[in-house]
Amino acid sequence: MSLIQLSAVSHTFSTATGQLPVLDSLSLSIEEGQFTAVVGPSGCGKSTLTRLIAGLLIPDAGEVWLHGERVVSPRSTVGMAFQNPVLLEWRSILKNVMLPLEIVSGSMPIKQQEERARFLLSLVGLDGFEDKRPSELSGGMRQRASLCRSLVHKPDVVILDEPFGALDAFTREDLWQTMHTLREQEPFTALLITHDLRESVFLADEVIVLSGRPAHAQHVLKVDMPAKRTLEDLYSPKATEMLAELRKQIQVAQGNTVSVAS
Ligand SMILES: Nc1ncnc2c1ncn2[C@@H]1O[C@H](COP(=O)(O)OP(=O)(O)OP(=O)(O)O)[C@@H](O)[C@H]1O
Ligand SMILES: [Mg+2]
């Protein structure tokens, strides 16, 4: 069985103005160590999908499985990072990164917790900033710290919901490369939600395009590029072709009349 498996998941929200079907028979699977990106129109249900995998929401129909267990409640073995890094201002950067270790593995000696957090902070180039407060860091640096925090307890899967969306283009590209560095040092399974098609192709092994709401998996693109990528690879004919295919799929998902080549 895959590490993450969603089988025919459907979900409808009850809102003040009526029922809102958000996911419709969505099936997908993610293998251990795989980096999967999910793209789709705004409001199609991408964040809802992350909440289902994290066990923060139980679907009306269908099943969500993680590591061979049915997900029916919140999971501490899921790491999460969002567009807003949400670091705690009253804790140092080091203590912010250590937080999941304090919550999840209370038995790990404090010295080891610190070593683990320092190791990740050095991988993302934040050595020397361990004792600073979040407000003393730039937006990109805060997001680096947030990525460390999401990985510190070696979760089964790290869910990244548009973590680079609020950053300027150069900082964003810098962080893409940081993601590759982190993965090289310590492979992990990731589900990245993004609106940036270049980001999806640069980072992922596979890109899932969700249809318009209620969403299902409309298209799956295997990213046919070497695991180690440089930004120049995004201008290769292969990458250009994949980006064009994704763009077309997004237009279809948005209800555009562009037809899809089979
Ligand atoms: N708790 C909730 N109650 C009612 N409706 C909700 C709830 N959460 C999400 N929705 C609705 O479900 C739909 C999907 O929301 P979701 O946040 O999953 O979209 P998204 O694909 O992440 O969008 P975006 O790309 O803008 O972040 C939206 O129309 C939203 O208004
Ligand atoms: Mg969202």
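Every number for a ligand or one of its atoms is a count from 1 in the order of the listing. Note that the numbering runs from 1 along the sequence shown for the chain.
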Side chains of [X] and [Y]: donor-acceptor distance under 3.5 Å anywhere?
X    : Y    : answer
S146 : Q143 : yes
E31  : S2   : yes
S211 : H216 : yes

task = Check the pair V207, Q249 against side chain to side chain contact (heavy atoms under 4.5 Å, CB included), reporting the backbone distance first and the verdict last.
result = CA-CA 11 Å; V207 184; Q249 290 289 342; over 6 Å; no

Minimum-distance protein heavy atom relative to [atom]:
atom                    : value
atom 26 (O) of ligand 1 : S42 OG, 2.7 Å
atom 6 (C) of ligand 1  : F13 CD1, 3.3 Å
atom 25 (O) of ligand 1 : K46 NZ, 2.8 Å
atom 27 (O) of ligand 1 : E162 OE2, 3.6 Å

Regarding ligand 1, does [X] bring an N or O atom to under 3.5 Å of one of the ligand's N or O atoms?
X    : value
G43  : yes
C44  : yes
L20  : no
R213 : yes

As an exercise, identify every atom of ligand 1 less than 4.0 angstrom from a heavy atom of [X].
X    : answer
S47  : 17 (O), 18 (O), 20 (P), 22 (O)
V22  : 12 (O), 13 (C), 14 (C)
H195 : 25 (O)

Query raised in the report: Any N/O/S atom of S47 sitting less than 2.8 Å from the Mg ion (ligand 2), backbone or side chain?
Result: yes

| Can D156 and R75 be counted as an ion pair, charged N to O under 4.0 angstrom? | no

Decide, yes or no, whether a salt bridge links E102 with K95 under the criterion of side-chain N to carboxylate O below 4.0 Å.
no

Does CZ in R247 sit with more than 12 non-hydrogen atoms of other residues, nucleotides or ligands closer than 6.0 Å? no

What one should report as the nearest heavy-atom pair of R116 and L151 is NH2-O, 3.2 Å

Q. Parallel, tilted or perpendicular: which fits the ring planes of F35 and F188, with parallel below 30° and perpendicular above 60°?
A. tilted

Any heavy atom of T48 under 4.0 Å from ligand 1? The part involved is both

